[in-house]
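Numbering of ligands and ligand atoms starts at 1, following listing order.
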Amino acid sequence: MRWNLGLAYVAALLGCASESLAADTSVVRDGETGFTFSEFRAAYQIGLYITFRVAIPAPAPPNYDLVFQIIAPSAVGWTGLAWGASMVNNPLTIGWASGNTPVASVRRTSIRTQPQIYDGAKLQLLKTGTKVNGTHWQITAKCSGCSSFATTGSNTKSLNPAGSNRLAFAYSKNRPNSASSAAVLSVHEVYNYWDHDFSTAGNIDFDQLVQRNS
Ligand code: HEM
């Protein structure tokens, strides 16, 4: 079964039926890594959430590197973040736990079949904030090539560091069966979209924080 949990539906369930165009994110300072993140809690089943966090440099240069964090309950097989809010023609950063090893992979596809490894964006896993424990797995990674990327033809999409950007996620209950970033992914059960506020995700000490957590 595949669901698309409408944000309005989820908002209504949470008792905050908002029709405004405001972003769907809130700000958190992560005590472990020291990054200030803007975070979205994505419902993948009723009452169960995957947290997606974004931190960017302040000020943000063109084609800025960003740090993202995925915090997923153990039952999440794999989950992925689509930086262009679509399955196709944008970088997809995907994570899962292989036993006690957190794994991250960047994929891309132009059709809605299993996305293949994409080397147009590079990930650096940050040691602090990347872990598996008894209840969750978590990835903290720097991405070069996630904030600005080719889409179709000669078009490029650049995510606005001073405003909201539409992002998407997908979730599967099926865990890939290896720690290889090229592992086979089975199709998702759920996907959804949200507006992620990057204007509250700025870190003046971005480079130092990347270094300190590496
Ligand atoms: C084996 C891997 C995958 C297969 C076979 C697959 C297949 C599909 C199919 C058939 C749809 C259309 C669904 C519909 O119309 O009901 C879809 C939509 C979608 N998929 Fe995947 N998918 C895969 C992996 C991924 C991954 C890794 C992501 C990463 C975030 C992703 C993100 C999305 C999103 C956001 C949509 C919504 C439609 C869109 O915006 O393009 N998918 N997928």
(message) Within 2.8 Å of atom 21 (Fe) of ligand 1, is there any N, O or S atom belonging to M87?
(response) yes
(request) Pull out every atom of ligand 1 sitting under 4.0 Å from any heavy atom of S186, numbered as shown with elements. (result) 1 (C)
(message) Quiz question: by atom type and distance under 3.5 Å, do the side chains of S105 and S181 form a donor-acceptor pair?
(response) no
(request) Answer yes or no: does an N/O atom from R112 fall short of 3.5 Å to an N/O atom of ligand 1? (result) yes
(message) Taking side chain to side chain contact (heavy atoms under 4.5 Å, CB included) as the criterion, tell me which of L209, V210, L123 meets it with K142.
(response) V210
(message) Within a 6.0 Å radius of atom CG on D119, are there more than 12 heavy atoms belonging to other residues, nucleotides or ligands?
(response) no
(request) Heavy-atom contacts with P115 under 4.0 Å: which atoms of ligand 1 show up? List them by number with element. (result) 2 (C), 24 (C), 27 (C)
(request) Nearest heavy atom to atom 2 (C) of ligand 1 wins, so pick from H188, R108, Q114. (result) Q114
(request) Below 4.0 angstrom from a heavy atom of W78, which ligand 1 atoms are there? Numbered from 1 as shown, please. (result) 24 (C), 25 (C), 26 (C), 27 (C)
(request) Output the list of atoms in ligand 1 that are nearer than 4.0 Å to some heavy atom of Y193, sorted by atom number. (result) 37 (C), 38 (C), 39 (C), 40 (O)
(message) Closer than 4.0 Å to some heavy atom of I94 - which atoms of ligand 1 meet that?
(response) 27 (C)
(request) Please could you name the atoms of ligand 1 that V187 approaches to less than 4.0 Å, counting only its heavy atoms? (result) 1 (C), 4 (C), 5 (C), 6 (C), 7 (C)
(message) I'd like to know if the side chain of N89 pairs up with that of S110 as donor and acceptor (distance under 3.5 Å, no hydrogens or angles considered).
(response) no
(request) Would you mind reporting whether F169 and V190 have side-chain heavy atoms less than 4.5 Å apart? (result) yes
(request) Name all pairs fulfilling the disulfide bond (SG atoms under 2.5 Å apart) condition that reach into residues 136-214, sequence neighbours left out, sorted by first residue then second. (result) C143-C146
(request) Within a distance under 4.0 Å of any heavy atom of A168, pick out the atoms of ligand 1 and give their elements. (result) 35 (C)
(message) Connecting only ILVMFWY residues whose side-chain heavy atoms lie within less than 4.5 Å of each other, what is the rest of I204's hydrophobic cluster?
(response) none
